[in-house]
Amino acid sequence: MNIPLSEQQCQVCLLSSRPLSSDDIANMLAAIPRWKKVQREGIDHIQREFHFRDFRNAFEFAEHIAVLAEQQDHHPSLLIEWGHVTVAWTTHKINGLHLNDFIMAAKTDLLLTSSG
Ligand SMILES: C[C@H](O)[C@H](O)[C@H]1CNC2=NC(N)=NC(=O)C2=N1
């Protein structure tokens, strides 16, 4: 029985780890349907835009993500704007997507419900 992504912990990613294949990415995106695969400078990321009523709420949500990132030692790209936070995950060490990125995306979605 698979453990939900949001309940998994990020693993140590080795330099020798290979980025996920397009098929793997497509399969794993099914578990986090609000996220989409994008390219930034030719590198695969998974990205989602969250909407809030103002800047303060956007900033507070981003703060929760920052705490999570420190806990898991896996860090996002965050764009914080009035009413919006755009979150993107990739694994810099391998210049591509890793299971850790999907774990963090699922944990990010959970923050939304817990941070209200
Ligand atoms: C030394 C530290 O563990 C590494 O630099 C971690 C930090 N956070 C990270 N975050 C992301 N997104 N990718 C990484 O490769 C990464 N590496």
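All of these numbers come straight from a predicted model, not from anything done at the bench. Both backbone and side-chain heavy atoms feed into the values below; hydrogens, waters and symmetry mates do not. Residue numbers start at 1 and run along the sequence shown. Just so you know, ligand 1 is whichever comes first in the structure, and atom 1 is the first atom listed for that ligand.
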Pairwise salt bridge (Lys or Arg N to Asp or Glu O under 4.0 Å) hits with a residue in residues 50-67, at least two apart: Arg56-Glu60
Pair listing, salt bridge (Lys or Arg N to Asp or Glu O under 4.0 Å) test, anchored in residues 25-48, at least two apart: Lys37-Asp44, Arg48-Asp109
Closest contact, heavy atoms only, Asp101 versus Gly96: OD2-O, 3.8 Å
Heavy-atom check, side chain of Leu111 versus side chain of Leu68, under 4.5 Å: yes
Amino acids in close contact with ligand 1, where any non-hydrogen atom sits under 4.0 angstrom away: Asp73, His74, His75, Thr90, Thr91, His92, Lys93
Residue pairs, two or more places apart or on separate chains, that pass side-chain hydrogen bond (donor to acceptor under 3.5 Å, both in side chains) and touch residues 4-19: Gln9-Gln72
Aromatic plane relationship, Phe52 with Phe61 - under 30° parallel, 30 to 60° tilted, over 60° perpendicular: tilted
